[in-house]
Amino acid sequence: MTTKTATVTPETIEVSIGLDRTERYDPAVIEEKWRERWERDDLYWVDDDAPGEKWYSLTMYPYPSGVLHIGHWYAFAVPDVYARVQRMRGYNVLFPMGFDAFGLPAENAAIRHGIHPAIWTSENIAAMRQQYRQMGAMIDWSREVATCTPDYYRWNQWLFLQMLERGLAYRAKGAVWWCPQDQTVLANEQVLEGNICERCGAEVFKRDLEQWYFRITDYAEELLRDTEALDWPERVKTMQRNWIGRSEGARLRFMLETGDSLEVFTTRPDTVWGATFMVLAPEHPLVAKITIPDRQADVDAYIEQARRQTEIERMSTDEARARTGVFTGGYAVNPVTDERIPVWIADYVLMGYGTGAIMAVPFGDQRDFEFARAFDLPIRAIVQSEDGPELDPATMTEAYDGPGVLVNSGPMTGKRVPEELPQIIRWLEETGRGKAEVTYRLRDWLISRQRYWGTPIPVVYCDDCGMVPVPEDQLPVELPLDAEFTPTGQSPLVTHEGFLNTTCPRCGGAARRETDTMDTFVDSSWYWFRYTSPREDEGPFDPEAAARWTPVDLYCGGIEHAILHLLYARFFTKVIRDLGLIEHGEPFLRLRNQGMILAEEGTKMSKSRGTQIAPDELVARHGADALRLHLMYLGPWDQGGPWNSRGIAGMERFIRRAYGLVTETGAGPFDQPLPEAETTPLRRLRAKAIRRVTTDLDEFQFNTMVAALIEYVNELMKLRETALIHTRDWREALETLVLLMAPSTPYVAEELWERLGMPYSVHHQSWPDYDPALTQDDAVEVVVQVNGKVRDRLLLPVDLPEADARARVLTQPKITEAIAGREPRKVIYVPGRLINIVV
RNA sequence: GCCCAGGUGGCGGAACUGGCAGACGCGCUAGCUUGAGGGGCUAGUGCCCGUUUAGGGCGUGAAGGUUCAAAUCCUUUCCUGGGCACCA
């Protein structure tokens, strides 16, 4: 697939005599010309069996929202540059493209504008596919995937069934936002400030519904451990680790006066002697049982109130936010002190973490402390710091969770914490009061959606057999397209008789289909496997093709996906591995995130405020090549930042200069014999340019890579009036320029390559090489400081010994003047950089 | 609120491992170019003082610290952005 870099031969020079010296750079003409040629030749078709090591370069597929905005370019055109470099380096590169085509916006469009989600989605895909073509990206369209097609979502269903069979999918109650007016479930996004329904303005609350879950927590430990080896940005790995949130501690059992036992998880079982009350989540199943009649009204009112809180509100530790809670009237017994302690409910305890109940130790936990102060509950000192003043519960102003020695702690009094925590846990285990346990913050993945535009969950409910999975040979369970959309937004599946009523696969009797659909994150949790064999109909993908291409070598996408999507994709990969379809357990070996492009004034781009930037106009005015460069040049790709409408002209100017340089001096003749001493600077220039561009690309520093290209052209421009332009080295410098530009500006590079008389295509050439010796300078400018202030600069040999450097420097007039006769107390010499004289 | 990033000229940004702050581009200023359009070329451009030249001082959100030397390391603090499990 790749050929060696063409060297200058008399033939190529002769062909290039035909260069037109007067024609100006016209991106519209050039880009149209090459787009057509590339498509005609299938230049980007990927052959599984092509020679070269594989390189799977994946970019997060877009949601087909309708039109491409500049963020899509930022996300796709920039990784395209790197995929192209890898191809020039000889890799067999897979750089596919698809659409994440199920989801809420299509349903909103259906309700608001009366257009069917299927039509809306397919029209959007068609429009966006056209726009992607402008980019000049190296996409093999023959592998395109759209997740809303039955031949794709069929395999969501298949994977679901495998998970159901293995106990990784299960049903349980879960709280969802409910709009009483529209009689529908709402996404968090649809709940506005003050718990208002986005559609009708009614006040909404949380309601418990039967939901489907994936047991991702089974993989918590592995997901945590495997982050170690990944070449991912450290910030993403940290966020994932914190999200999984491993805590070591113990599970302790308290007895309630009702006779029930109440289990709690705590990371500080050593503080159990200080547990002076207990708090249950308002949703806890034991609340109904423990509440005494007198307290019932207050408890009910509080539960009602908690249903109106978002989780973010509930978890807030803002001091201004008043601690709320109510007493149930019930009591528990502290298992180590045998004291009777009151049981409260409060919304800062979440049902989804630990056991949904806590022992409250106000002395050692800030939230418990504030709660105790607010409700006048007892605080008992159980740890004293060894070097601080003794803490008195009556006067302390905040909880103490530092190290120390246990006090008032029965047989454990005098133990050091945290050092002796293991012994304390062992004692609790031996006396039957609890056991060591590890808990994760990570919760199981709720995949049910009470919506239409998604993958139907392939189970039926039979009056006799209960829940029955749809047999694999009956997949896909197709989403009916003749659905009626009500303005309320209730899923049409619930009222679609043809879909709803079916027969039981087990007994043949009447049965009802599951009307929930899957979270669209399911679609995106394995889509990259599908690209390796997009027409496979025996399974989600051909295991042989997957073995050839996966794991993905480089995954690019927005930082906003740092947690959820990436975690779910990692989970699915491990499940698919355990199904025996692949051998690896991590999907993406290397991850690079782009930042977000903001509107020019620094705020989020918004369709409604008209601050979105449309790439089409920019392409029409400046060309796709200039737009690609401009996006790379805006700033560090991983940081994003505000759009800048002015800079693109500078990129167009750069291309025009490069274009003029190559077309005007590329024809030769190149027969001027010059001594090596005169051509060496030119060869050095070329070698340094290659080095900078290459290393910057490998580090994903596209902005400085473009700066290196610009500087290279600027330097060559300065040499344009010298005899160097008639040397072979000049010709080589120009060819190198075109090759270095090829990944970034694929259209104009192809044009210039042709104009240099080189064989089609520049995108099949090898990445240029250089002699490292040429990038080493013999002498460097060294800064001379006196007391840290720059006083002079000297050109010194790189490896000059300190004594010589010191002698040279101390005789410089500027330095003797600055020292003014004082005696140097110390001299710091950093060879090749600076000398600092301290007086 | 919690978790994760980031703050450098008029603007976007650069700065290897703690070693010349401001590369490169935009914008701006002046000059040239009659091919007067959003064209091209040349020179200048962090701020302040000084100025024929020279030179000097200040300067990386704020305050403090470590060091011969800090945009870079440490402490405190302010501001902005991303995520927070049904947007994707």
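Naming convention: chains lettered A, B, ... in sequence-line order (proteins, then strands); numbering from 1 in each chain.
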(request) Kindly say whether, by distance alone, the side chain of A/R451 makes a donor-acceptor pair under 3.5 Å with the base of B/C86? (result) yes
(request) Please give the nucleotide sitting opposite B/G64 as a Watson-Crick or G-U wobble pair, both distances under 3.5 Å, or none. (result) B/C74
(request) On RNA chain B, check which nucleotide each of A/A707 and A/V838 is closest to and give me the residue with the more 5' one. (result) A/A707
(request) Would you indicate whether A/R441, at its atom CZ, is surrounded by more than 12 heavy atoms from other residues, nucleotides or ligands within a distance under 6.0 Å? (result) yes
(message) Any N or O donor-acceptor pair under 3.5 Å from the base of B/C87 to the side chain of A/Y63?
(response) no
(request) With the side chain of A/R657 defined as its heavy atoms from C-beta on, choose the nearest nucleotide among B/A88, B/C87, B/C41. (result) B/C41
(request) Indicate, yes or no, whether a donor-acceptor pair under 3.5 Å links the base of B/C16 to the side chain of A/R833. (result) yes
(request) Determine the interatomic distance between C1' on B/U67 and the same-named atom on B/G18; round to the nearest Å. (result) 9 Å
(message) Once rounded to the nearest 0.5 Å, what's the spacing between atom CG of A/L800 and atom CG of A/L796?
(response) 5.5 Å
(request) Name the closest nucleotide to the A/P636 side chain, picking from B/A15, B/G13, B/C24. (result) B/G13
(request) Please report, rounded to the nearest Å, how far the P atom of B/A23 is from the CD atom of A/E711. (result) 10 Å
(request) Just call it for A/I837: base, sugar-phosphate, or nothing, with non-hydrogen atoms closer than 4.0 Å on any strand. (result) nothing
(message) Taking donor-acceptor contacts at under 3.5 Å, does the side chain of A/N836 reach the base of B/C68?
(response) yes
(message) Partner lookup for B/G55, please. Criteria are Watson-Crick or G-U wobble with both distances under 3.5 angstrom; report none if nothing qualifies.
(response) B/C49
(message) With a cut-off of less than 4.0 Å, is there a side-chain N or O of A/K789 near OP1 or OP2 of B/C58?
(response) yes
(request) Say whether A/Y348 and A/D368, considering side chains only, have a donor N or O and an acceptor N or O under 3.5 Å apart. (result) yes
(message) Could you measure the distance from the CH2 atom of A/W243 to the CD1 atom of A/I563? Nearest 0.5 Å is fine.
(response) 5.5 Å
(message) Taking the P atom in each of B/G7 and B/U17, what is the distance between them to the nearest angstrom?
(response) 16 Å
(message) Measuring only the P atom in each nucleotide, how far is B/G61 from B/C49? A whole number of Å is fine.
(response) 24 Å
(request) With heavy atoms under 4.0 Å as the rule, sort A/M60 into base, sugar-phosphate or nothing. (result) nothing
(message) Is there a salt bridge (charged side-chain N to carboxylate O under 4.0 Å, His left out) between A/R451 and A/E107? Walk through the geometry before answering.
(response) CA-CA 8 Å; A/R451 301 188 190 288; A/E107 265 179 271; 5.3 Å; no
(message) Heavy atoms from C-beta onward define the side chain here; which of B/G19, B/A85, B/A88 lies closest to that of A/I828?
(response) B/G19
(message) Applying a 4.0 Å non-hydrogen cut-off, can you work out what A/S448 is touching in the nucleic acid: base, sugar-phosphate, or nothing?
(response) base
(request) Starting at atom CD of A/E721, determine the distance to atom P of B/C41, rounded to an integer number of angstrom. (result) 12 Å
(request) Check every strand shown and say whether A/L104 touches a base, only sugar-phosphate, or nothing at a heavy-atom separation below 4.0 Å. (result) sugar-phosphate
(message) So A/W445, base contact, sugar-phosphate only, or nothing? Heavy-atom distance under 4.0 Å.
(response) nothing
(message) Any base atoms under 4.0 Å from A/Q450, or only sugar-phosphate, or nothing? Heavy atoms, all strands.
(response) base
(message) On RNA chain B, does the nearest nucleotide to A/L598 precede the nearest nucleotide to A/L186 from the 5' side, or the other way round? Give the residue.
(response) A/L598
(message) Taking any heavy-atom pair under 4.0 Å as a contact, classify A/R653: base, sugar-phosphate, or nothing.
(response) sugar-phosphate
(request) For A/L564, answer base if it contacts any base atom (sugar-phosphate contacts may also be present), sugar-phosphate if it contacts only those atoms, and nothing otherwise; contact means non-hydrogen atoms under 4.0 Å. (result) base
(request) Find the distance A/Y213:OH to B/C86:C1' and express it as a whole number of Å. (result) 11 Å
(message) Is a donor from one side chain sitting under 3.5 angstrom from an acceptor on the other, for A/N714 and A/R657?
(response) yes
(message) For the P atoms, the ones on B/A23 and on B/A15, what distance do you get once it is rounded to whole angstrom?
(response) 12 Å
(message) Distance check needed: B/C41 P versus A/K718 NZ, whole Å only.
(response) 14 Å
(request) Using the C1' atom as the reference point in each nucleotide, state the distance between B/A63 and B/A70 in Å, no decimals. (result) 16 Å
(request) Look at A/R656 and B/C41 and indicate whether a side-chain polar atom (N or O) is within less than 4.0 Å of OP1 or OP2. (result) no
(message) Side chain of A/N242, heavy atoms from C-beta onward: which of B/G12, B/C3, B/G19 has the nearest atom to it?
(response) B/C3
